[in-house]
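Worksheet for the structure shown next.
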Amino acid sequence: MHDIDKKSRRPSLFGRALNQIEGLGNRLPDPIFLFVWMCAATAIGSWIVASMGASVVHPVTGKTIYAVNLLTPENLRRMLVEAVPNFLQFPPLGVVLVIMLGVGVAEKSGWIEGLIRGFVLSVPRGWMTAGIVFAGVCSSVAADAGFVVLIPLGGAIFASVGRHPLAGMFAAFAGVSGAFEANVFPAPIDAILAGLTQAAARLYETGYVVNPLCNYYFMAISAVALTATGWWVTEKIIEPRLGQWEPEEGVSAPETLREPEPRERKANRWALACLGLFTIVVAALVVPPDAFLRDQKGGVKPFFDAFPIILAAGFLIPGIIYGKLTGSLPNGRAVRVAITESIGSMSGFMVLAFVAAQFISYFSWSNLGVMLALSGAEKLHSVGATGISLVIGIVLMSTVLNLFITSASAMWAAVAAVFAPMFMHLGLSPELTQAAFRIGESVTNCCTPLMSYFPLILIFAQRWVPRVGIGTILSSMLPYSVLFTVVWTSLLIVWYLVGLPLGPGGSLFFSR
């Protein structure tokens, strides 16, 4: 993959390090068997830690948490009984399959190709990378849809102009995952984390209120800073390292970009008009205070819960219109075939999802992740870190924890009751603690195989380069992770030193 780069010059020390990481990663077993071995390691590790009698005491509730031995008859039986529920409840599974119902039709009809063509023809090539990264950064508004839609689109966009498709995928992946918490728009995760932070803060001061937008100012500026960082990493490190893309046997290169035909222009106008009408209908179901997609308290949780099916319809309807007008999907049978082929292309992901779901469940049952989180928080407290050093400590500890617990809400639910009261006692506001946590929680998302969407990213990458392995993805995402950590943490330190508000009601310091 790196032949051209190697012939032109000797790789730098950093480049050689990435090549070593890639080589080691690609020598790992096939991802399916890697997760199998990780399941076994978790079970054995839980037995060892439980046999040692290891435990941690929750510093706020006083509850003692013990490691759970997964090799007892009861838990071995649980592994068998709950294997199917683990798979069916694996968070990305339903989201991916539902969204692909619509995406498959939009793709087979040619509508997505037409949108890509329009994007490429309208955006200056010099801004293409920045546009993809920024779209990824902002995609958290649509929950996890960016993983399913934007990442493969990034590869297709790059390939359509002769650039390496993996570079486009990695740029989108960095924005979607590595900068997940940053956004110029309020996102569902803001409300989720704020609710957990408020509950944790009230363990220290009754009645403390956390605004869901308490980190908004900081996260909006972060989105711009991380877009620039991802742009630089893609064009200065990743693309030169990947070299020129030459499609392998069995992989067809995209056609050279051409101006759309009159029939395609007309079809695209009608498809976009239908999408606009659909968007208006959805808005009418969400925006009014007593709208259909609001709960009894006026919240929009029903909308976010229904978002995968809404997004699928947002691709399905324009895709059918476009296919009907261009003749690519002339009847209902063609639409059914498109959906069937789309779901069929996800078979590899479903196999990976089964074993990945078992591992994540075993790790949760064992309590090893929670014990790691609580031990790390206690260590920070014991060394007497204060001020900037404490902020950096929160970021770094969250970064490490995120390698093992990749769900932001799950991790924050586990450690917020420790972090927020502890750092309030040391003079830091819960809002600042939450902001520092969000940095660490995001930056390693894109370079841990435990991230629930990682198997899907591997499947997407193998469409363009069949021999690509885990090592290639990890070594390519590591520069994003490192630079995002440095830039984002530095931005928070500047914020802290200047004394800027993090958002509405988002002060930096706490005093009783």
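Computed from a predicted model, the values in this text were never measured in an experiment.
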Those residues that, when tested against [X], pass side chain to side chain contact (heavy atoms under 4.5 Å, CB included) (two or more places apart):
{"X": "Asn331", "answer": "Arg333, Ala334"}
{"X": "Ser490", "answer": "Val486"}
{"X": "Ala291", "answer": "Pro288, Arg294"}
{"X": "Lys108", "answer": "Ala338, Glu341"}

Ignoring hydrogens and geometry, is there a side-chain-to-backbone donor-acceptor pair from [X] to [Y] under 3.5 Å?
{"X": "Ser222", "Y": "Ala182", "result": "no"}
{"X": "Asn183", "Y": "Cys138", "result": "yes"}
{"X": "Asn75", "Y": "Asn69", "result": "yes"}

How long is the gap from [atom1] on [X] to [atom2] on [Y], to the nearest 0.5 Å?
{"X": "Cys446", "Y": "Leu474", "atom1": "SG", "atom2": "CG", "result": "9.5 Å"}
{"X": "Ile320", "Y": "Leu325", "atom1": "CD1", "atom2": "CG", "result": "12.0 Å"}
{"X": "Phe147", "Y": "Tyr453", "atom1": "CZ", "atom2": "OH", "result": "7.0 Å"}

Quick check: do [X] and [Y] have side-chain heavy atoms less than 4.5 Å from each other?
{"X": "Ile392", "Y": "Ile493", "value": "yes"}
{"X": "Phe303", "Y": "Val287", "value": "no"}
{"X": "Thr229", "Y": "Phe484", "value": "yes"}
{"X": "Phe134", "Y": "Val184", "value": "yes"}
{"X": "Phe454", "Y": "Ile473", "value": "yes"}
{"X": "Ile343", "Y": "Met100", "value": "yes"}
{"X": "Thr234", "Y": "Ile132", "value": "no"}
{"X": "Thr485", "Y": "Ile439", "value": "no"}

Just grab all the salt bridge (Lys or Arg N to Asp or Glu O under 4.0 Å) pairs involving residues 211-230, residues at least two apart or on different chains.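 Every candidate salt bridge (Lys or Arg N to Asp or Glu O under 4.0 Å) pair involving residues 211-230 fails, so no pair, neighbours aside, qualifies.
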
Listed partners of Arg78 passing salt bridge (charged side-chain N to carboxylate O under 4.0 Å, His left out), at least two apart: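 In terms of salt bridge (charged side-chain N to carboxylate O under 4.0 Å, His left out), with neighbours along the sequence ignored, Arg78 is linked to Glu82.
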
Using the test salt bridge (charged side-chain N to carboxylate O under 4.0 Å, His left out), find all partners of Glu181 that sit at least two apart in sequence or belong to another chain.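 Once residues adjacent in sequence are excluded, the partners of Glu181 under the salt bridge (charged side-chain N to carboxylate O under 4.0 Å, His left out) criterion are Arg438.
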
Does Tyr362 have any ring-ring contact (aromatic ring centres under 6.0 Å, His included) partners at least two apart in sequence or in another chain, and if so, which? Trp365

Quick one: do Leu500 and Tyr217 satisfy side-chain contact (heavy atoms from CB on, under 4.5 Å)? Show the steps, please. CA-CA 9 Å; Leu500 298 173; Tyr217 302 152; over 6 Å; no

Suppose we screen for side-chain hydrogen bond (donor to acceptor under 3.5 Å, both in side chains). Which residues come up paired with [X], at least two apart in sequence or across chains?
{"X": "Arg269", "value": "none"}
{"X": "Thr129", "value": "Arg163, Glu235"}
{"X": "Asn86", "value": "Gln358, Ser361"}
{"X": "Ser328", "value": "Thr326"}

If you count the non-hydrogen atoms of other residues, nucleotides and ligands that lie under 6.0 Å from OH in Tyr66, is the total more than 12?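 12 or below, so no.
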
Worked check of side-chain contact (heavy atoms from CB on, under 4.5 Å) between Leu275 and Ile317: CA-CA 7 Å; Leu275 179 60; Ile317 295 170; over 6 Å; no

